[in-house]
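Just below is one structure, and these are the notes that go with it.
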2 protein chains.
Amino acid sequence: MAARRDWTRETLVDAVRAGDRRALARAITLVENGDPLAYEVVHDLYPGTGHAAAVGITGPPGVGKSSLLSGLIRIARAEGKTVGVISVDPSSPFTQGALLGDRIRLTEHFLDPDVFIRSMGTRGHLGGLAETTLQSLLILDAAHKDVVFLETVGTGQSEVGVLSIADTVVLALMPGSGDSIQALKAGIMEIPDVIAINKMDHPMAKTMLNEVRQVLALGMHEGWNPPIVLTEAMRGEGLNTLWEKISEHHQWLEAEGELEQRRRGNLAREVFQVASARARRHIEQAVQGDEELQRLLNDVQERRLDPLTAVREILEKVFHIGDEHSTHPH
Amino acid sequence: MAARRDWTRETLVDAVRAGDRRALARAITLVENGDPLAYEVVHDLYPGTGHAAAVGITGPPGVGKSSLLSGLIRIARAEGKTVGVISVDPSSPFTQGALLGDRIRLTEHFLDPDVFIRSMGTRGHLGGLAETTLQSLLILDAAHKDVVFLETVGTGQSEVGVLSIADTVVLALMPGSGDSIQALKAGIMEIPDVIAINKMDHPMAKTMLNEVRQVLALGMHEGWNPPIVLTEAMRGEGLNTLWEKISEHHQWLEAEGELEQRRRGNLAREVFQVASARARRHIEQAVQGDEELQRLLNDVQERRLDPLTAVREILEKVFHIGDEHSTHPH
């Protein structure tokens with residue numbers, strides 16, 4: 001495999017630690033391909049991680065996440081911070097344009113040696129998206145990036161796999177984001193740490209601001225209360241304030257000892273998420289390659305065998321685990 | 001257990017087949033509690049299922065799904081069809097009101113012996129939501145309901161567990177559903193079979209209609225093209241047309257032989273979904289009850305052991321499966 005010819009475990013680990021761009025690009029590609037070398041490299045790098053502030057940026061498509069991100073990178077760089085970006089685009093027939101657009105908005109940073117940007121699709125990850133994002137974040141962290149932005153499109157739970165590892169989550173909304181407001185109000189979308197209302201020039205921006213205020217008022221509690229920032233990313237307006245709020249949240253996490261707690265929780269959740277994704281893949285592969293299990297599935301499809309019995313028999317055969325809350329019917 | 005005292009496997013199966021309301025309520029409660037009796041009952045009922053048309057109704061909170069549903073039930077009943085409803089509400093501190101509101105909108109049907117309505121939260125399902133929904137649908141199907149509505153709030157992938165078993169999916173939108181339109185356009189939200197734009201009196205309704213038309217134009221292909229229906233659920237306007245379109249979709253599925261295909265695909269997906277949910281629960285329980293695995297998790301949290309090695313060791317210990325794409329690092 002090409003990966004092996006030009007990099008060994010040791011040279012790749014050293015080059016990533018040194019922040020070598022080619023090494024970072026290669027390491028993340030290996031992660032995406034589920035290459036054993038990537039696994040070994042992250043294994044070696046892990047003890048040196050925990051330095052980077054992981055900032056998630058989510059929000060519905062079209063709110064201008066990439067423009068916000070581009071502006072935030074500019075500000076972080078002006079403060080002398082090194083930056084990593086993992087931008088997750090849903091791989092869909094329709095999004096090629098969007099993806100290209102995002103790339104264009106970020107090009108101003110492509111030549112900056114202290115900014116590393118990587119776009120990845122949501123599908124075709126051998127280890128699942130949560131695993132790829134986690135491993136890529138750890139690589140950028142080990143490369144001494146001060147801030148790693150995790151950008152992902154969000155309309156509810158779909159982005160969880162990407163954001164569950166972030167220290168700070170920024171939700172970007174815009175006038176017209178009625179569904180997101182409703183989702184926040186209904187508790188379907190988790191309350192973020194910072195909210196940006198982009199396209200503040202829009203006549204409905206103030207209305208949106210009040211709606212968001214009302215939603216947050218419902219959830220008010222001790223501790224951190226999510227600030228709302230009005231932005232106009234294209235003109236760079238409000239971005240300094242947005243960056244301040246993001247930094248303040250990180251300082252608050254550190255001051256309250258919450259950072260350690262949140263990261264412990266995030267890491268545990270990641271481990272379960274990745275383990276579950278692998279277990280699922282294992283089940284699917286096992287059924288694919290097993291005539292008896294295929295027959296089982298076919299019996300379900302022809303209404304001869306109920307789904308839960310099939311599930312139990314699959315789990316018994318694949319993992320040798322019994323069904324913890326069902327007696328044997330035959 | 002109370003369940004056992006008043007129902008045996010045989011009496012419950014017979015009473016469900018006879019459509020006895022108390023039996024249906026009890027059987028679904030047993031499903032929610034993950035009671036072995038529920039498993040046995042569905043096991044016995046399954047060969048008699050496949051009769052009901054499963055119609056999913058989703059959409060962001062606040063679009064008026066329950067009002068639409070209530071109107072559709074009225075029309076289905078006028079056609080002499082028996083109806084089952086599984087209404088999934090996200091269990092969130094904020095939604096108690098909404099839930100109550102939903103119930104109130106549906107009360108007109110509570111006294112109709114041929115309508116069975118059940119609300120369930122999204123959390124606290126021993127077998128996971130996908131499993132509970134599937135089993136409940138099968139029970140209502142076996143009770144000879146002609147139509148079973150699966151109502152769930154939707155902002156993206158979060159509702160998949162509920163809708164993946166539906167024959168027909170109806171997406172309800174309203175003026176201001178900009179985020180959903182964007183999600184459809186970006187391919188994050190799946191294109192439904194029928195779209196209802198509720199609150200058609202709203203000045204922006206026509207704009208929304210055109211936006212939806214444009215999105216659908218992107219996805220145009222042979223076969224079924226999702227119709228868009230303007231409704232005003234509160235006044236019952238457009239509901240007859242909506243019901244017609246839902247029925248037309250079902251007839252189209254049958255005529256094209258798609259119904260069988262879709263159901264085979266849905267059932268296979270459900271089996272994998274339920275099996276994965278159980279595998280995940282099994283992993284979490286195993287780690288909880290195992291000091292060595294707890295230590296492993298703690299080593300990850302203290303950056304001594306990388307997450308993927310922990311995942312691999314957990315999977316090895318819990319399921320005795322090796323890591324299919326990583327070599328042993330030590």
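Naming: A, B, ... by sequence-line order, numbering from 1 per chain.
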Honestly, the part of B/Leu138 sitting under 4.5 Å from a heavy atom of chain A is side chain

From the list A/Gln135, A/Met174, A/Arg304, A/Met204, the residue making the most non-hydrogen contacts under 4.5 Å with chain B is A/Gln135

Heavy atoms of B/Leu267 and A/Gln301 approach each other most closely as CD1-CA, 4.0 Å

- Query: Are the side chain of B/Asp179 and the backbone of A/Pro60 linked by a donor-acceptor contact shorter than 3.5 Å?
  - Reply: no

Measure the shortest side-chain to side-chain distance between B/Tyr39 and A/Arg312 over non-hydrogen atoms and say whether it is less than 4.5 angstrom. yes

* Asked: Given the rule in the side-chain contact (heavy atoms from CB on, under 4.5 Å) test, do B/Leu308 and A/Val274 qualify, once you have shown the distances and angles that lead to the verdict?
  -> CA-CA 8 Å; B/Leu308 284 203; A/Val274 172; 3.6 Å; yes

Answer key: most heavy-atom pairs under 4.5 Å with chain B among A/Gly265, A/Ala268, A/Ser177, A/Pro175 is A/Ser177

Residues A/Leu134 and B/Pro307: closest non-hydrogen pair is CD2-CB, 3.8 Å

With chain A, the option among B/Gly62, B/Gly50, B/Ala310 that has the most non-hydrogen atom pairs under 4.5 Å is B/Gly50

Honestly, the part of A/Leu45 sitting under 4.5 Å from a heavy atom of chain B is neither

Under 4.5 Å to a heavy atom of chain A? For B/Arg263 that would be side chain

Interface check, chain A: of B/Ile181, B/Asn266, B/Val271, most non-hydrogen pairs under 4.5 Å belong to B/Val271

Applying a strict 4.5 Å limit to non-hydrogen atoms, the region of B/Val287 in contact with chain A is side chain

Anything under 30° is parallel, anything over 60° is perpendicular, the rest tilted; go ahead and classify B/His320 against A/His320. tilted

Looking only at heavy atoms, the pair that brings A/Ala279 and B/Ala279 closest together is CB-CB, 4.2 Å

Practice item. Decide yes or no on side-chain contact (heavy atoms from CB on, under 4.5 Å) for A/Phe272 and B/Leu297, but give the supporting numbers first. Key: CA-CA 10 Å; A/Phe272 286 119; B/Leu297 209 53; 4.1 Å; yes

One should read off an interatomic distance between A/Asn298 CG and B/Arg264 CZ, to the nearest 0.5 angstrom, of 4.5 Å

Here the gap from B/Glu260 atom CD to A/Glu302 atom CD, rounded to the nearest 0.5 Å, amounts to 7.5 Å

Nearest heavy-atom contact between B/Arg280 and A/Ser276 is CG-OG, 2.9 Å

Checking side-chain polar atoms at under 3.5 Å, does A/Tyr46 have a donor or acceptor matched by the opposite partner on B/Thr309? no

So, the part of B/Ile283 with a heavy atom under 4.5 Å from chain A: the answer is both

